[in-house]
Amino acid sequence: MINNKKDLITFIEQSDFMMSVLKTAKSANLPNWFIGAGFIRDTVWDIQHNFEPQYLYKDIDLAYFDKNNCSEKNDEILSKKLKKKLDLNWEIVNQAYAHKYNNVPPYNSAEDGLAHWVETATCVAAALDENDNVVLLAPWGIDDLLKLKLIIAPCHQNNKYYENIFNKRIEDKKWLERWPKLKIV
């Protein structure tokens with residue numbers, strides 16, 4: 001079980017797979033980068049269910065923030081480049097332009113972009129510092145993730161559009177089937 005932030009960091013640092021993914025991401029030299037979404041969420045949910053972590057990600061969500069380079073094409077090229085380094089599907093998105101997918105004002109940082117992901121459990125990410133120590137970003141904290149709560153991010157509450165996306169994601173991703181202890185709040 002992972003009980004707190006320290007446990008989560010320790011788990012990631014002891015996982016050869018997760019550290020190789022983070023080191024590959026770091027090698028891209030992107031400013032204010034992190035890896036989030038299923039990379040953290042699904043792994044924690046596996047552990048909290050006493051399952052062996054499967055590391056079955058559709059893709060690796062690598063985000064960063066760079067106002068001076070808002071080229072989606074460059075992100076696609078970099079995704080292919082990282083796939084050659086580590087054979088995973090990389091989805092690289094600069095949070096400086098990601099706001100346009102949600103039709104909201106521009107984000108002002110990588111963490112601001114992360115805070116706008118749909119569920120609080122998805123809004124948890126990891127990066128490496130200059131000494132390859134794991135750093136967690138969690139604008140809404142990690143309690144919902146650890147306690148298996150599915151909660152729409154506070155910035156999207158009382159917004160029918162996001163409530164529909166939230167419910168559709170739960171259904172389409174079959175989270176309740178894969179992780180039966182999850183609770184929709």
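All heavy atoms count here, side chains included; hydrogens, waters and symmetry mates do not. For the single chain, residues carry numbers from 1 onward in sequence order.
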According to a 4.5 Å side-chain heavy-atom criterion applied to Ile, Leu, Val, Met, Phe, Trp and Tyr, with indirect links allowed, do [X] and [Y] form part of one hydrophobic cluster?
{"X": "Ile40", "Y": "Ile60", "answer": "yes"}
{"X": "Leu62", "Y": "Ile77", "answer": "no"}
{"X": "Ile2", "Y": "Leu137", "answer": "no"}
{"X": "Ile151", "Y": "Trp45", "answer": "no"}
{"X": "Tyr57", "Y": "Ile47", "answer": "yes"}

How are the rings of [X] and [Y] set to each other: parallel, tilted or perpendicular (split at 30° and 60°)?
{"X": "Phe34", "Y": "Trp117", "result": "tilted"}
{"X": "His156", "Y": "His116", "result": "perpendicular"}
{"X": "Phe17", "Y": "Phe39", "result": "tilted"}

Using 4.0 Å as the upper bound for N to carboxylate O, is an ion pair formed by [Y] and [X]?
{"X": "Glu76", "Y": "Lys81", "answer": "no"}
{"X": "Lys26", "Y": "Asp132", "answer": "yes"}
{"X": "Lys168", "Y": "Glu171", "answer": "no"}

**Report entry** Reference residue Lys149; test side-chain contact (heavy atoms from CB on, under 4.5 Å); the match among Thr120, Asp144, Ile184
**Finding:**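 With Lys149 as partner, Thr120, Asp144, Ile184 yield a single side-chain contact (heavy atoms from CB on, under 4.5 Å), made by Asp144.
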Inter-residue atom distance [X].[atom1] - [Y].[atom2], 0.5 Å rounding:
{"X": "Thr24", "Y": "Leu88", "atom1": "OG1", "atom2": "CG", "result": "8.0 Å"}
{"X": "Asn89", "Y": "Leu82", "atom1": "CG", "atom2": "CG", "result": "12.0 Å"}
{"X": "Asn4", "Y": "Asp7", "atom1": "CG", "atom2": "CG", "result": "4.0 Å"}
{"X": "Ser79", "Y": "Glu91", "atom1": "OG", "atom2": "CD", "result": "7.5 Å"}
{"X": "Arg41", "Y": "Leu150", "atom1": "CZ", "atom2": "CG", "result": "9.0 Å"}
{"X": "Lys147", "Y": "Ile142", "atom1": "NZ", "atom2": "CD1", "result": "10.0 Å"}

Take a 6.0 Å sphere around [atom1] of [X] and say whether it holds more than 12 heavy atoms from other residues, nucleotides or ligands.
{"X": "Lys67", "atom1": "NZ", "result": "no"}
{"X": "Asp172", "atom1": "CG", "result": "yes"}
{"X": "Lys83", "atom1": "NZ", "result": "yes"}
{"X": "Asp16", "atom1": "CG", "result": "no"}

Query raised in the report: Is there a donor-acceptor contact under 3.5 Å linking the side chains of Asp75 and Tyr97?
Result: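 Per modelled atom types, Asp75 and Tyr97 side chains form a pair under 3.5 Å.
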Query - Any side-chain donor near an acceptor of the partner, Trp179 and Asp46, under 3.5 Å - result: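 Asp46 and Trp179 do have a side-chain donor-acceptor pair below 3.5 Å.
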Report task. I would like to know whether Lys100 and Glu72 meet salt bridge (charged side-chain N to carboxylate O under 4.0 Å, His left out); could you show each step before the answer? Result -> CA-CA 12 Å; Lys100 70 181 188 177; Glu72 291 180 62; 2.3 Å; yes
